Amino acid sequence: MRCYNCGRQLSEKDFCTSCGADVALYKKIIYTSNYFYNEGLEKAGVRDLSGAVISLRQSLKFNKNHIQARNLLGLVYYEMGEVVKGLGEWVISKNLQAEKNIADDYIDMIQQNPSRLETINQTIKKYNLALGYCQQDSLDLAVIQLKKVLSLNPRYVRAHQLLALLYMQAEDWEKAGRELDKCSRIDMCNTTTHRYRKEVDRMLEAADSARTKGGGKKKKASEDVVKYQSGNETIIQPVNNREGKGVSAALNIGIGITIGVAAACFLILPAKQNTDTNAAQEELRIVSEQLDKKTGAIEELEQQISQLTEENDGLKQQLSDYAGNDGKMEVVDGLLNAVSIYMETPDNTERIGQALEKIDSQAVTQVESEYFKTLYQQLLTQAGPSVAESYYKNGMDAYQKEMYEDAIKELTKAAQYDPENGDIIYNLGNAYRQNGNRTEAIEAYTFVEENFPGTERARRSRSFLRELEENNEQR
């Protein structure tokens with residue numbers, strides 16, 4: 001142990017013989033840290049990994065520079081499947097002691113294997129995804145992700161515990177028990193595992209008692225023997241025992257055979273059965289892991305099939321919308337036709353107007369393409385005024401012939417393609433007034449008065465508005 005002040009080797013004294021610093025409390029701290037390190041080492045040796053983590057963390061609280069404790073803590077984390085935590089401890093250890101540190105070997109073992117790094121990343125992502133599914137109450141998807149996690153990292157204790165908890169939620173106690181058994185083989189004294197195990201055992205015992213309830217009582221076999229006490233020994237003798245050397249010899253032979261069979265049963269068979277049981281359990285574990293992998297893959301494929309089916313139905317519906325008689329494809333075709341006519345004959349306002357009339361303005365707003373909407377607005381900007389002028393001329397001709405219905409129809413179209421033209425709106429109001437459409441006339445005159453103040457049209461519109469109001473009061 002070296003002095004914290006000058007770095008010289010300390011003696012048995014409570015002060016440094018080199019610099020004179022008081023090191024009594026410092027020694028107690030270091031001894032306490034070493035005590036917890038030794039305790040963690042013993043617990044790790046008997047696979048009490050969670051207990052080892054607690055002891056080693058206590059050791060590091062007293063001495064954060066305890067390199068052996070930090071490296072051992074990283075190994076314990078790694079053994080529990082917590083690879084990232086283990087790497088973190090080893091990186092800190094390497095920064096504290098850059099030379100002659102076995103943490104270098106541990107870090108290189110992981111970083112120089114790209115496939116192992118990728119496996120670690122996938123494990124973390126899938127475990128976090130499983131936690132997200134649990135929070136969203138999608139427990140089936142969480143089970144699938146946890147099975148994938150354990151197929152990548154079978155020693156991940158927290159994943160086993162969470163999977164067991166999900167099985168307990170689903171009341172599948174046998175599967176939960178198998179997952180907890182796997183946890184116990186990795187970390188024998190984990191408190192969370194034992195708490196879950198106690199609940200699972202209680203539910204399994206309740207299920208067994210429910211199954212065996214109502215069974216018949218076993219009948220005791222009658223004893224056809226005579227028992228008597230001889231000193232401290234109890235002698236058992238058949239009722240119809242006959243004395244004789246032949247019977248005695250046969251009895252001795254029978255006793256010898258019985259002893260031989262008993263020896264075989266109690267000495268040889270248990271060892272053989274134990275070996276067979278261990279082999280069977282190992283095979284069962286391997287088969288169980290393979291089955292978990294395949295089950296997880298099958299369930300994931302089923303989820304993908306369901307999602308693809310929904311996407312296919314949605315695409316079919318979209319295709320139907322585009323291809324229908326009133327769908328978006330017809331609007332696109334109408335716009336392309338109008339643009340083509342405008343480019344070929346820009347002065348033919350009648351054809352351009354007829355093409356624009358075939359485009360449903362309501363359907364235009366439902367088209368998602370911004371390019372389509374931009375093209376439609378540009379066409380209205382370029383061709384709208386000339387088309388509006390053609391409709392305006394037709395409307396005024398009908399107005400002069402006192403064909404007010406036709407005038408309203410033509411002037412409405414003109415206003416649609418040139419909505420800021422005051423003459424069109426003013427004469428549309430006149431057509432409404434002459435036709436007896438009082439409400440529409442008031443709207444048109446009000447628009448002219450508000451948007452073109454100080455003009456002759458605005459003055460006349462105000463005059464007509466007063467006239468319409470007076471006529472309404474007289475009624």
Side-chain angles (χ1 to χ4, degrees), residues 1-2 4 25-113 116-128 131 146 149-150 152-164 179-180 182-197:
M1 186 184 304
R2 294 186 177 276
Y4 64 88
L25 181 60
Y26 173 71
K27 284 185 175 182
K28 290 182 180 179
I29 293 174
I30 298 300
Y31 289 150
T32 304
S33 176
N34 292 336
Y35 169 79
F36 281 115
Y37 166 71
N38 293 328
E39 185 180 65
L41 184 61
E42 291 178 358
K43 290 181 179 180
V46 295
R47 299 204 69 82
D48 180 10
L49 302 185
S50 55
V53 168
I54 295 174
S55 298
L56 292 172
R57 290 177 67 88
Q58 284 293 109
S59 175
L60 293 174
K61 284 183 180 179
F62 286 97
N63 182 12
K64 67 178 182 179
N65 297 321
H66 201 314
I67 302 302
Q68 291 84 357
R70 197 171 292 278
N71 289 339
L72 180 58
L73 180 59
L75 284 174
V76 173
Y77 278 141
Y78 185 83
E79 183 66 14
M80 295 173 68
E82 304 283 353
V83 182
V84 176
K85 288 185 177 180
L87 276 173
E89 297 297 334
W90 293 332
V91 169
I92 295 173
S93 173
K94 184 177 179 181
N95 289 331
L96 293 175
Q97 180 179 321
E99 301 295 333
K100 297 181 179 180
N101 193 338
I102 196 172
D104 288 334
D105 297 334
Y106 299 151
I107 296 173
D108 293 340
M109 174 184 65
I110 296 176
Q111 291 183 344
Q112 292 181 1
N113 191 341
R116 180 173 294 180
L117 279 176
E118 180 63 23
T119 300
I120 294 170
N121 291 332
Q122 291 297 322
T123 301
I124 297 171
K125 291 179 181 178
K126 292 183 182 299
Y127 181 77
N128 291 334
L131 288 178
L146 288 173
V149 169
L150 293 174
L152 296 173
N153 187 1
R155 310 191 71 81
Y156 200 173
V157 174
R158 284 199 296 171
H160 281 296
Q161 291 174 341
L162 181 57
L163 182 57
E179 293 301 324
L180 294 175
K182 295 176 183 177
C183 291
S184 297
R185 286 196 290 269
I186 300 170
D187 184 5
M188 295 181 62
C189 299
N190 190 289
T191 305
T192 302
T193 302
H194 286 298
R195 188 169 67 249
Y196 292 170
R197 180 81 256 183

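For clarity, every value in this text was computed on a predicted model and none was experimentally measured.
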As an exercise, state the distance from CD1 of I186 to CG of L49, rounded to the nearest 0.5 Å. 8.5 Å
Please check if the side chain of R70 supplies one atom and the backbone of N65 the other of a donor-acceptor pair under 3.5 Å. no
Main-chain N/O of K28 paired to T32 side chain as donor or acceptor, under 3.5 Å: yes
Nearest-0.5 Å distance that lies between atom CD1 in I120 and atom CD in Q122: 11.5 Å
Would you kindly say whether N101 and N71 are connected by a side-chain donor-acceptor distance under 3.5 Å? yes
Heavy-atom pair of closest approach, residues T119 and L152: CG2-O, 3.7 Å
Would you find a donor on one side and an acceptor on the other, under 3.5 Å apart, between the side chain of N153 and the backbone of V149? no
Testing M80, E79, R155, H160 for side chain to side chain contact (heavy atoms under 4.5 Å, CB included) with D187, which one passes? M80
Find the distance between CE (M188) and OG (S50) and round it off to the nearest 0.5 Å. 11.0 Å
Please answer whether the main-chain N or O of V91 pairs with a side-chain N or O of N95 as donor and acceptor at a distance below 3.5 Å. yes
Quick one, V83 and Y77 - any side-chain contact, counting heavy atoms below 4.5 Å? no
Can you say whether the rings of F36 and F62 are parallel (under 30°), tilted (30 to 60°) or perpendicular (over 60°)? parallel
Closest heavy-atom contact between S59 and A69? OG-CB, 3.7 Å
What's the spacing between E99 CD and K94 NZ if we round to 0.5 Å? 9.5 Å
